[in-house]
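Just so you know, these numbers use all the heavy atoms, side chains as well, and skip hydrogens, waters and symmetry mates. Chain letters run A, B, ... following the sequence lines, proteins first and then strands; every chain starts at 1.
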Amino acid sequence: MSRTLIKDALHATAPMDAILLQGWVRTRRDAKAFSFIELNDGSCLKGIQVIADASLPDYAHITKANTGASLEVRGKLVESKGQGQKWEVVAETFTVIGEADATYPLQKKGHTLEFLREIAHLRPRSNLFGAVFRVRSRLAYAIHQFFQAKGFCYVHTPIITASDCEGAGELFRVSTLDPLNPPKTEQGAIDYTKDFFGKQAYLTVSGQLEAEIFATALSNVYTFGPTFRAENSNTSRHASEFWMIEPEIAFCDLAGNMDLAEEFVKYLIRDAKEHCAGDLDFFSKFVDKDLLARLDFVLERPFQRCSYTEAIEILGRSGKTWEHPVAWGDNLQSEHERFLAEEHFKCPVTVYNYPRTLKPFYMRVNADGKTVTAMDLLVPGIGEIIGGSQREERLDVLIENMRAHHLSEKEYWWYTDLRRYGTVPHSGFGLGFERMLMFVTGVANIRDVIPFARTPGTAEF
RNA sequence: UGCCCGGUAGCUCAGUGGCAGAGCAGGUGACUGUUAAUCACUUGGUCGCUGGUUCGAUCCCAGCCCGGGCAGCCA
């Protein structure tokens, strides 16, 4: 007999004379003549109720079917006589495969997220984390569906990179040199020409530059992979290792880029609502009561758009006192972004056309000469979830920007070649996958939407 | 990295300069088509670590370690 997943058993349309279930005991309630066992196999949030009658030959072992034990049950699927569930399984045999004694940390009680983080090897067995990681899986799939349906090509950009690209934050070094006894140059510096790749190498902070290569060949591409930032960031929305989706579109300007970002975010929300309804219900009950209403609200109306200059004006006349002063030419601080998304617009906002001096060299310079075609999508509760831009496609302007950013033209010879040969206007953005998950699930800490979080000082499991 | 808060039973927390507490979990028993069942009884402690003040420190002080929140960096 083949195993039936509990998800399928719960959705049965008729009783079954023979069923095989395998899973883990969530809780057991003993009566004098029988026991109720709630069995969960992770296929869905809900467990199924198993009735084990005291007349069963193995009933003496029922006390080993404790919370956390793995169990195999054969029996009949019948309509439940009790309230609270449609179906239940009357066991004919049950076998405790693996016992779980009283030291099992995940007892049937509420646990804090902080405690569960310390037992990241067991927390997927909890309701919350089972739900989070089912949604994570579903959205990863939906990302591919969204882009594939639009004819985008999935590109695997390298994880190890030798280009300190963008100068975007601190990089993790990849090296096989002996740290206690590295080869030295005559001047006494570490001689990286002796290192594995013959030069300094790092973990990628973005696949964008390589994605641009493919966009200028295959037109519409996207990447979806791990990204590494060695920043000493200790916040609920930063991780040292996270996953990022980076579409890159040829013949696309900033407006098209913003359109795609909005369509993409809404698609993912809609997909989660459609395919993870039970899990989202759970989040809205136990994590964030306003979750479903907020997701509907976001789906129902267009995202707001506002230029950086307009944003500065809005902040200036808000009547608020800011911890960080508002001035044209300064970065928008967290408090400013939160105000725009949560209080002023009360909905996701795309802020675009930032001062040139605040942004990286590859962003396209606007006609005013002062701003570049950057865009950030800010969402209530989380802040920046997407950052993107139209890229500078004019060779002379790009080179001028590189000089202004003190970047070596020689190092980026291949990047400038894209403008030297058949250049096209093109755009793209990066969506933080974990931040998107936070938004969809209502989970407030990025460490709780990634299976094994890597943050400064922590790389357990 | 800076500022703030916390660390007491397996978990969540209360508490006091003078015998270490509760709820849940665990154990035993009772009861029940139960639903994180219920009721009674019960086991369980390096009070984060090191040093200092004190007759006496879990409590006060200092340093360190760990966790969390916020800020910066960003997705």
Exercise for review: Classify the nucleic acid contact of A:Glu241 as base, sugar-phosphate or nothing, counting any heavy atom under 4.0 Å across all strands shown.
Suggested key: nothing
Study note, to complete from the structure: pair_partner(B:C49), Watson-Crick or wobble, both distances < 3.5 Å, evaluates to B:G63
Check your understanding: Would you say the base of B:C31 and the side-chain of A:Lys32 have a donor-acceptor pair closer than 3.5 Å?
Key -> no
Check your understanding: Within the side chain of A:Thr458, is there an N or O that forms a donor-acceptor pair under 3.5 Å with the backbone of A:Arg454?
Key -> no
Point to revise | Pairing nucleotide - B:G33, Watson-Crick or G-U, each distance under 3.5 Å | key: none
Practice item. Determine the Euclidean distance between corresponding C1' atoms of B:U32 and B:U38; express it in Å to zero decimal places. Key: 8 Å
Study note, to complete from the structure: When both distances are under 3.5 Å in a Watson-Crick or G-U wobble arrangement, the nucleotide paired with B:G2 is B:C70
Revision key, fill the gap. Side-chain atoms of A:Gln107 come closest, of B:C11, B:A75, B:A25, to B:A25
Practice item. Could you tell me how the ring of A:Phe36 sits relative to the ring of A:Phe34: parallel (under 30°), tilted (30 to 60°) or perpendicular (over 60°)? Key: perpendicular
Revision key, fill the gap. Which of A:Val132, A:Thr441, A:Leu128 passes side-chain contact (heavy atoms from CB on, under 4.5 Å) with A:Val287? It is A:Leu128
Point to revise | Contact state string [nucleotides 67-72 of chain B, B base, S sugar-phosphate only, - no protein heavy atom under 4.0 Å] | key: SSSBBB
Exercise for review: Would you mind classifying the nucleic acid contact of A:Phe115 as base, sugar-phosphate or nothing, using non-hydrogen atoms under 4.0 angstrom?
Suggested key: sugar-phosphate
Practice item. Between A:Gln85 and A:Arg435, name the one whose nearest nucleotide on RNA chain B is closer to the 5' end. Key: A:Gln85
Review point. Within the structure shown, what part of the strands sits under 4.0 Å from A:Ser80 by heavy-atom distance: base, sugar-phosphate, or nothing?
Key: base
Review point. Any stacking of A:Phe34 on B:G33, going by centres under 5.5 angstrom and planes within less than 30 degrees?
Key: no
**Study point:** A:Glu384, nearest nucleotide to its side chain (from B:U12, B:G33, B:C74)
**Key:** B:C74
Check your understanding: Is A:Arg305 positioned over the aromatic face of A:Phe303, cation under 6.0 angstrom from the ring centre and no more than 45 degrees off axis?
Key -> no
Point to revise | Atom C1', compared across B:G2 and B:A20: separation rounded to whole Å | key: 38 Å
Review point. Counting any heavy atom closer than 4.0 Å, what does A:Asp53 reach on the DNA or RNA strands: base, sugar-phosphate only, or nothing?
Key: nothing
Review point. Nearest to the side chain of A:Gln49 - B:C73, B:G26, B:U34?
Key: B:U34
**Study point:** Whether A:Phe224 and A:His144 hold their rings parallel, tilted or perpendicular, with breakpoints at 30° and 60°
**Key:** tilted
Exercise for review: Report yes if a side-chain nitrogen or oxygen of A:Arg29 is closer than 4.0 Å to either non-bridging phosphate oxygen (OP1 or OP2) of B:A37; otherwise report no.
Suggested key: yes
Check your understanding: What is the nucleic acid contact for A:Ile245, judged by heavy atoms within less than 4.0 Å: base, sugar-phosphate only, or nothing?
Key -> nothing
Review point. If you check the A:Met244 side chain, which of B:A75, B:U12, B:G33 turns out closest?
Key: B:A75
**Study point:** Face-on cation placement of A:Lys150 at A:Phe146 ring, 6.0 Å and 45° thresholds
**Key:** yes
**Study point:** Nearest-angstrom distance, P atom, B:G29 to B:C65
**Key:** 50 Å
Check your understanding: Quick one: A:Phe429 CZ to B:A75 C1', roughly how many Å, whole number?
Key -> 12 Å
Point to revise | Residue mapping more 5' on RNA chain B - nearest nucleotide basis, A:Gly84 or A:Leu358 | key: A:Gly84
Practice item. Would you please classify the geometry between the A:Phe429 ring and the A:Phe264 ring as parallel, tilted or perpendicular, with 30° and 60° separating the classes? Key: tilted
**Study point:** Separation between the P atoms of B:C19 and B:U58, rounded to whole Å
**Key:** 11 Å
Check your understanding: Parallel, tilted or perpendicular for A:Phe147 and A:Phe152, by the 30°/60° rule?
Key -> tilted
Point to revise | Inter-nucleotide C1' distance (B:G6, B:A40), Å rounded | key: 37 Å
Check your understanding: Expressed in whole Å, how much space separates the P atoms belonging to B:A30 and B:C59?
Key -> 45 Å
Point to revise | B:U43 to B:U28 separation - C1' atoms, rounded to the nearest Å | key: 10 Å
Review point. What interatomic distance, in whole Å, is found between P of B:G68 and the corresponding atom of B:G23?
Key: 30 Å
Review point. Within the distance-only criterion (no hydrogens, no angle test), does the side chain of A:Arg237 pair as donor or acceptor with the backbone N or O of A:Ile446 below 3.5 angstrom?
Key: no
Check your understanding: So which nucleotide does B:C41 pair with, by the Watson-Crick or G-U wobble rule with both distances under 3.5 Å?
Key -> B:G27
